[in-house]
Structures are given as structure tokens and as C-alpha cells.
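Residues take their numbers from the sequence shown, with the count starting at 1.
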Amino acid sequence: MRAAFLAPAVLASLLVPASPASAVPVTADPAARACSGRAADFDGDGRADLVVAAPYAEVGGHARAGSVTVLYGMRAERRLTQDGPGVPGEAETADSFGSALATGDFDGDGCADLAVGVSEEDRARVGADGDGAVQLFHGSSGGLRPGRTIDIGDLGGKRGSARFGAALAAGDLDGDGDDELVIGAPGLRGGAVGVYGFKGRRPYLVTQETGWIGQNERTTDQFGAVLATGDFDGDGRDEIAAGAPADTILKNGQGSVTVLDVRRRKAVLLTQDSPWITGLAEAWDSFGAALATGDFDADGRDDLAIGVPGEGLTDNQRAMEYGDGTVNVVYGSRGGLRTARSEAWSQRALKGTPRYFDRFGAALAAGDLNGDGDDELVIGVPGENAVQVLAGTRSGGLTKNHNLLFTGKGGHFGGALAVAGRGLVVAAPGDGRLTLLRTSARQGSYPGVRPSTAKTLATVDGASLFGYAMAGPAS
């Protein structure tokens, strides 16, 4: 797979094309340039980098082996695969290298590191697809360099069809200044969440039936299929939000989100039946199918946006049809997330018209797009090939004032989102296309995104699902 990157005016120079073979930048002398400590800066040059996954890319003749493209400073392209120099293992058919991505400083050196999910990797035996693994790449002054491969056995689990690495997130869970890696294994019975790198603890797994979580587990729940981290109580340590979009509590596939404080060993279950959460849990709503954290009201505590793409709003929908979709937002407080301060968003209140196939909320991202110090919320509406942007405000959080609806050209536009530098990147993975929209500073209830600046950033031929997942400073 070769990505064709185009250079709109926002890019400082022409992009460097990838070599035909998989490439990893050669690591320069670590002392040559100190790392910046900036999020998603893999080479220490002070500029944020963007990572784009194509989990169905063909590699070395192997269909759906998967690849990941790193765009350093939005300029130079490098392609990572399991056949790359120094990468343990090898590319194999249907591995899905790039099924999930996460960036964080896992080793505390100030350079951002990259974790790549390989959810369909066979580890227990040849042909045991779906065991899963995670490949680490460490940042340096010369760019990303391969690290170790992690599988469920490294966290005390039994190797099997766990789809380990199907979801990833990074956050400082223990408050020591570097990031821990959070790993989803939604195929391990009803699902599991792994924590790797917590200070003073060996890597470990938790499930819904872990004592301090105390939930009932069903094999179809997919606990850990979606992950996010955020400091919801402002204590300097992140918590985990674990989505189980197929969780069946009272209704089949209603979905749930569990907020995990792994340091205190406390868990809070969120559903549409939780007090003050708008809506009702219904079959196949998929509450928790997407998650994003951001500080929408600039109070110093993270807030949580929860996608519910299966929510039905229009009449006469049949079971398991896609859904119009909604997004629930729960705000942080000194005591953590407070459902008493929560809200729901849909196209009933925003620009656009809800339709049963829109899947509003199937993808989410947050970041300060207008430069006023609070975060905006970006909502993917891939059934409509659109994205919706809501501005954050200091006077109450998200607002519908000046909300923006921007429509793409097809290919499930809005299926993945990332805030990178001074722009918003929107993927249409069905067409293998990335669109870059520039942002501008503007105080108040303005999204900051400028639709007139939309440019195609990259295109890929074939069915590689280029853009299935992205990782940047905010994604």
C-alpha cells in the first residue's frame, strides 16, 4: 500500500514519499536533540506528528496484514509494518496491524512513544487468529524505533482468542509523570482491560467480574472494546473509561461505560439508565461505542463524551438497524464524573436532520480548536458522511451556538477523527482518504474549524481501510 499525500498550503513543505519497503527512521544520537515532551512528538522536533492506521493493507503479499503511516510534523511520511527493520515477528495474512493506536510517553524520556494494536495476531499457535498483540515503538531524536511486543500472557492471562490490542489508550494512572498503557481484550470471555507500566505493580488484567468492579459478565459484552483516559477529578492522576458497547444489562446490546480508578480500586458504571443520564437503555443502542475526553468548560478537570450511535430517534426503525445516534457528555468534578451534570446531543438540537442510518457519535475527538483554552467536541456522523463540531465554553461547557456541520464526499467520512497541530483531520476509511481542515483562533462559542480550507491530505487505493484509526495530540 502506498499513500499519496498532497501538500495543501498549511503544510510547510512538500511531503517526503514513503520508500517502497517498510521503513523506520534511523535513530540518531539521543543527545543530539532533547525531546520536547509535546504530545505525539515522536522525534523531538517540537512539532506534533500524526499516525494513521490501515489494518487491511497488503504487506509482502499478505492480505489484511496491516500497516501504520507516521507523518512526522505533517511533512515526512514513514511506513511501519511487522516486516520493518527491527520489528519482532513478521507480517502475516489477516493480522490487522493497526487495529488500534495510542500515543504516550511510556518510558519517561520526554519523547512520545507509539503503541500499535495487532488484534488478529496468532500467538498461541499457528492459525490461532484473534489472539492479539501490541507492538511498541519508542520515540527518539531520530524518530520511532521498534520496541517489544506484548501479548496477554505478559499480563497474566491465558493466550487465546481475546483480540488483545483491539483498543488502546494511554494516561498517567499512577501520577509518576510518565504514561501507562491501557489495553483492551474484548474477546476474553466478556472482555478485559489490561494495565501495563503501573508503578509498583506487574502488568495485569481486570474484567467485569474483578471483585472491586463487581459486574455480571456475558460473553458478548465486549468490555474493553473502546478505551479512553482522563483526569475526571483533577487529582493529577488519570482514570480509565472502558466501553462495553454490546453489554446486556436489561436490554440486548444496550451498552455501558465503566469508569475505573485503578489506584483506588473503584469503579462506576454508566448507562442510559443511570440517574440524570438523558435517554433510556434500549436494545442495540451501543452506548459506549466511542469515547473522548476533553475539558469542555476549562475547569481543570476532564469531561467524558460517550457515543451512542445505535440510538433510534426516527420512527419505525427495526432491530439492529444502524441508528440515528446521540452523544452523552458527563462533566468532571472534584468527586469525579457527575451524572447530575450531564447532557445529550443529537441532530434534533443541532444542524442537520437525524436519519436512521446516520450513526451520529460513531467516532469522537476533542481538542482546543479555537485557541480559547477550552476544548471543542468533534462528532463523526459516518452514515451521513459528515462531522459535527460543538464549541466548548467557560460559562457552561459545550454549546449548540454556532455548531458546525461539514459534509464529505463518501467513504464513511467521519469514521475516525484526530486533532493535529492547528487542524482537524477527518478520515473516510471506506475510500482511504484523509481530509485536513484548518482552524483559527476565536474566543467564545465558535468551533474554530474553517470548512473553506478543506483539503485532501492523503489518499490510498484499494480496500486497506486507511484511516480506520488515527492518533495525534488529540484523537
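- Taking 4.5 Å as the limit, some side-chain heavy atom of Tyr56 sits within range of a side-chain heavy atom of Ser96.
- The side-chain tip of Arg201 points at the ring of Tyr204 from less than 6.0 angstrom away and within 45° of straight on.
- Listed for the Thr210 side chain is no donor-acceptor partner under 3.5 Å among the backbone atoms of Trp212.
- Using a 30° and 60° split on the angle between ring planes, Tyr446 and His402 fall in the parallel class, below 30°.
- Taking CD of Glu239 as the reference point, atom CZ of Arg263 lies at 9.0 Å (rounded to 0.5 Å).
- A heavy-atom distance below 4.5 Å is not found between the side chains of Leu280 and Gln272.
- Here the rule is side chain to side chain contact (heavy atoms under 4.5 Å, CB included) with Gln208, and of Asn216, Val193, Asp221 only Asp221 fits it.
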Under the salt bridge (charged side-chain N to carboxylate O under 4.0 Å, His left out) rule, what do Asp295 and Arg301 come out as? Steps first, then yes or no, please.
-> CA-CA 6 Å; Asp295 188 358; Arg301 303 178 184 95; over 6 Å; no
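- Shortest non-hydrogen contact noted between Leu337 and Leu304 is CD1-CD2, 3.8 Å.
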Just do the side chain to side chain contact (heavy atoms under 4.5 Å, CB included) check on Asp302 and Phe296 with the steps written out, would you?
-> CA-CA 8 Å; Asp302 285 324; Phe296 303 126; over 6 Å; no
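- Residues Ala169 and Thr229 come closest through the heavy atom pair CB-CG2, 4.0 Å.
- Distance check, rounded to the nearest 0.5 Å: CG of Leu269 to OG of Ser256 gives 5.0 Å.
- For the residue pair Gln388 / Asn403, a side-chain donor-acceptor distance below 3.5 Å is found, with atom types taken as modelled.
- To the nearest 0.5 Å, atom CG of residue Leu205 and atom OH of residue Tyr196 are 13.0 Å apart.
- Summarising the geometry of Gly361 relative to Ala290, their closest heavy-atom pair is O-CB, 3.4 Å, with the distance given to 0.1 Å.
- Listed for the Thr219 side chain is no donor-acceptor partner under 3.5 Å among the backbone atoms of Arg189.
- Here the CG atom belonging to Asp285 is positioned 8.0 Å from the CD atom belonging to Gln254, to the nearest 0.5 angstrom.
- Here the shortest heavy-atom pairing between Ala166 and Ala100 reads O-CB, 3.5 Å.
- In this structure, Arg78 and Thr69 have side chains that are not in contact, with every pair of non-hydrogen atoms separated by 4.5 Å or more.
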Start with the C-alpha distance between Leu398 and Trp345, add both sets of side-chain angles, then the distance that settles side chain to side chain contact (heavy atoms under 4.5 Å, CB included), and finish with yes or no.
-> CA-CA 10 Å; Leu398 295 171; Trp345 297 99; 3.9 Å; yes
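- Using a cutoff of 4.0 Å between basic side-chain nitrogens and carboxylate oxygens, Asp273 and Lys251 are not scored as salt-bridged.
- Residue Leu424 holds its CG atom at 13.5 Å from CZ of Arg450, rounded to the nearest 0.5 Å.
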Are Phe406 and Val381 close enough, and set up right, to give a side chain to side chain contact (heavy atoms under 4.5 Å, CB included), and what steps lead you there?
-> CA-CA 10 Å; Phe406 177 78; Val381 197; over 6 Å; no
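- Asp154 and Arg148 are joined by a salt bridge, as a carboxylate oxygen and a charged side-chain nitrogen come within less than 4.0 angstrom of each other.
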Dump the intermediate steps for side chain to side chain contact (heavy atoms under 4.5 Å, CB included) on Leu227 and Leu291, then the final yes or no.
-> CA-CA 7 Å; Leu227 296 169; Leu291 299 170; 5.8 Å; no
Could you give me the CA-CA distance, side-chain angles and deciding distance for Tyr331 and Glu343, then say whether side chain to side chain donor-acceptor pair (under 3.5 Å) is met?
-> CA-CA 9 Å; Tyr331 286 86; Glu343 61 202 17; 2.7 Å; yes
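- Within the 3.5 Å criterion, the main-chain N or O of Val257 finds no donor-acceptor partner in the side chain of Thr271.
- With hydrogens and angles ignored, the 3.5 Å screen pairs no side-chain donor or acceptor of Ser286 with any backbone N or O of Ala289.
- Checked for salt-bridge contact, Asp233 and Arg338 miss the test: no charged N lies under 4.0 Å from a carboxylate O.
- The one candidate from Asp49, Asp43, Asp45 that meets the side-chain hydrogen bond (donor to acceptor under 3.5 Å, both in side chains) condition with Arg47 is Asp45.
- Side-chain contact between Glu209 and Ile213: absent, with no pair of heavy atoms (C-beta onward) separated by less than 4.5 Å.
- From Leu437, atom CG reaches atom CG of Leu369 across 10.0 Å, with rounding to the nearest 0.5 Å.
- A donor-acceptor contact closer than 3.5 angstrom links the side chains of Ser119 and Ser99.
- For Arg442 (side chain) and Pro447 (main-chain N/O), no donor-acceptor pair under 3.5 Å exists by modelled atom type.
- When every heavy atom of Leu136 is checked against every heavy atom of Ala115, the shortest pair comes out as CD2-CB, 3.8 Å.
- Side-chain contact between Leu404 and Leu390 is absent, with no heavy-atom pair separated by less than 4.5 Å.
- A 6.0 Å sphere centred on CZ of Phe413 holds more than 12 heavy atoms belonging to other residues, nucleotides or ligands.
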Kindly determine whether Glu311 and Ser346 satisfy side chain to side chain donor-acceptor pair (under 3.5 Å), including the steps that lead there.
-> CA-CA 10 Å; Glu311 178 73 29; Ser346 76; over 6 Å; no
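- Side-chain contact between Val52 and Leu434 is present, with heavy atoms from C-beta onward closer than 4.5 Å.
- Residue Arg218 places its CZ atom among more than 12 non-hydrogen atoms of other residues, nucleotides or ligands, all under 6.0 Å distant.
- Look at Asp297 and Arg341 and you find a salt bridge, because one of the NZ, NE, NH1 or NH2 atoms lies within 4.0 Å of a carboxylate O, short of that distance.
- Of the possible donor and acceptor atoms, none in the side chain of Ser274 sits under 3.5 Å from a partner among the backbone N and O of Ile277.
- You'll find the side chain of Leu114 reaches within 4.5 Å of the side chain of Leu80, heavy atoms only.
- Residues Ala391 and Ser445 approach most closely at CB-C, 3.6 Å, considering heavy atoms.
- Side-chain contact of Glu92 with Gln82: a donor-acceptor pair under 3.5 Å is absent, judged by distance alone.
- Between the side chain of Asp303 and the backbone N or O of Val330, no donor-acceptor pair lies under 3.5 Å.
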Report all side-chain donor-acceptor pairs from residues 178-186 shorter than 3.5 Å, counting only partners two or more places apart or in another chain.
| unit_1 | atom_1 | unit_2 | atom_2 | d |
| --- | --- | --- | --- | --- |
| Asp179 | OD1 | Asp172 | N | 3.4 |
| Asp179 | OD2 | Asp105 | N | 2.8 |
| Glu180 | OE1 | Leu173 | N | 2.7 |
| Glu180 | OE1 | Asp174 | N | 3.3 |

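- Inter-residue side-chain proximity for Thr103 and Phe42 is flagged as met; some heavy-atom pair is nearer than 4.5 Å.
- Pairs of residues two or more places apart, or lying in two chains, that qualify as salt bridge (Lys or Arg N to Asp or Glu O under 4.0 Å) and include a residue from residues 160-169 are Glu120-Arg163.
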